[in-house]
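One structure below.
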Amino acid sequence: MRISVAADSLDGVAGTVVAELRARGHEVITHGALNDDERDDWAWASESAARDVAEGRAEQAVVACWTGTGAAIAANKVAGVRAALCADAHTADGARTWNDANVLALSIRLTSPALLTEILDAWFAGTPSTDADDVANVAHLDEIR
Ligand SMILES: O=C[C@H](O)[C@H](O)[C@H](O)COP(=O)(O)O
């Protein structure tokens, strides 16, 4: 899968998520602090990764900042993006299953290497629910203005 990755620093999980994704066989596009040619502030970096998803250059994205909050907020401003801030595997599974989330937001502060592995395992194992209520909820997101 092609995955766009953005971070506002190279600290902690931000510095390891690209290698972790490549080790899992994914093709990675980099933004922010992960790309020497780009502005590394969280709003700009996360926007770039989210636009890759919305405009078809990537199937999913991973965005990271110190808390994960700014990265998630910025990504969710892009139409068609459903970003989920996940600090544990259960949340990551729920985000994929119930929310059909297409952008994983991570906290650099909280996400240890072990947690990253657990979160990515759950994220990639999860598939969007076909339950009618879940499908209706996700579809309604595109109607909210
Ligand atoms: O939501 C914002 C993020 O947690 C940022 O990573 C945090 O604000 C730190 O950003 P900066 O290093 O630019 O002060």
Side-chain angles (χ1 to χ4, degrees), residues 1-129 134 136-145:
M1 185 185 301
R2 186 176 299 169
I3 301 177
S4 190
V5 182
D8 69 348
S9 90
L10 297 176
D11 293 339
V13 68
T16 58
V17 68
V18 171
E20 177 73 23
L21 290 170
R22 286 184 175 142
R24 291 168 182 251
H26 300 290
E27 185 180 342
V28 174
I29 302 168
T30 56
H31 291 291
L34 303 168
N35 186 323
D36 288 341
D37 298 329
E38 292 189 6
R39 184 168 181 167
D40 63 3
D41 297 288
W42 53 266
W44 281 263
S46 187
E47 176 194 4
S48 295
R51 289 200 185 282
D52 281 346
V53 174
E55 296 167 13
R57 290 183 291 277
E59 292 168 65
Q60 296 184 358
V62 178
V63 296
C65 66
W66 184 245
T67 59
T69 305
I73 291 171
N76 275 318
K77 294 288 287 183
V78 177
V81 164
R82 295 174 296 280
L85 176 54
C86 298
D88 65 276
H90 183 76
T91 304
D93 176 61
R96 290 289 298 132
T97 304
W98 297 312
N99 313 122
D100 193 8
N102 50 14
V103 175
L104 169 64
L106 296 172
S107 164
I108 292 170
R109 186 180 78 87
L110 287 179
T111 312
S112 66
L115 260 179
L116 175 63
T117 298
E118 293 172 13
I119 288 169
L120 291 179
D121 286 349
W123 179 267
F124 290 118
T127 53
S129 167
D134 295 329
N137 273 296
V138 172
H140 184 58
L141 296 175
D142 291 331
E143 300 166 347
I144 298 172
R145 292 289 180 266

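When a ligand or atom number is given, it counts from 1 through the structure's own listing order.
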| request: Answer with side chain, backbone, both or neither: which part of W66 has a heavy atom less than 4.0 angstrom from an atom of ligand 1? | output: both

| query | Roughly how far apart are L34 CG and D8 CG, rounded to 0.5 Å? | reply | 9.5 Å

| Any idea which atoms of ligand 1 are less than 4.0 Å away from a heavy-atom of D8? | 5 (C), 6 (O), 10 (O)

| query | Parallel under 30°, tilted from 30 to 60°, perpendicular over 60°: which one fits the rings of H90 and W98? | reply | perpendicular

| Heavy atom of protein inside 4.0 Å of atom 4 (O) of ligand 1, strictly below | yes

| message | If you measure every N or O of G70 against every N or O of ligand 1, does any of those distances drop under 3.5 Å? | response | yes

| request: For atom 12 (O) of ligand 1, decide whether some protein heavy-atom distance is shorter than 4.0 Å. | output: no

| Is atom CZ of R109 surrounded by more than 12 heavy atoms (other residues, nucleotides or ligands) closer than 6.0 Å? | no

| note | When T91, T69, L104, V103 are each screened for side chain to side chain contact (heavy atoms under 4.5 Å, CB included) with L85, the one that passes is T69

| said: What protein heavy atom lies closest to atom 8 (O) of ligand 1? Include the residue and the distance to one decimal. | reply: W42 NE1, 3.9 Å

| Does the S107 side chain pair with the main chain of G68, one donor and one acceptor, at a distance under 3.5 Å? | no

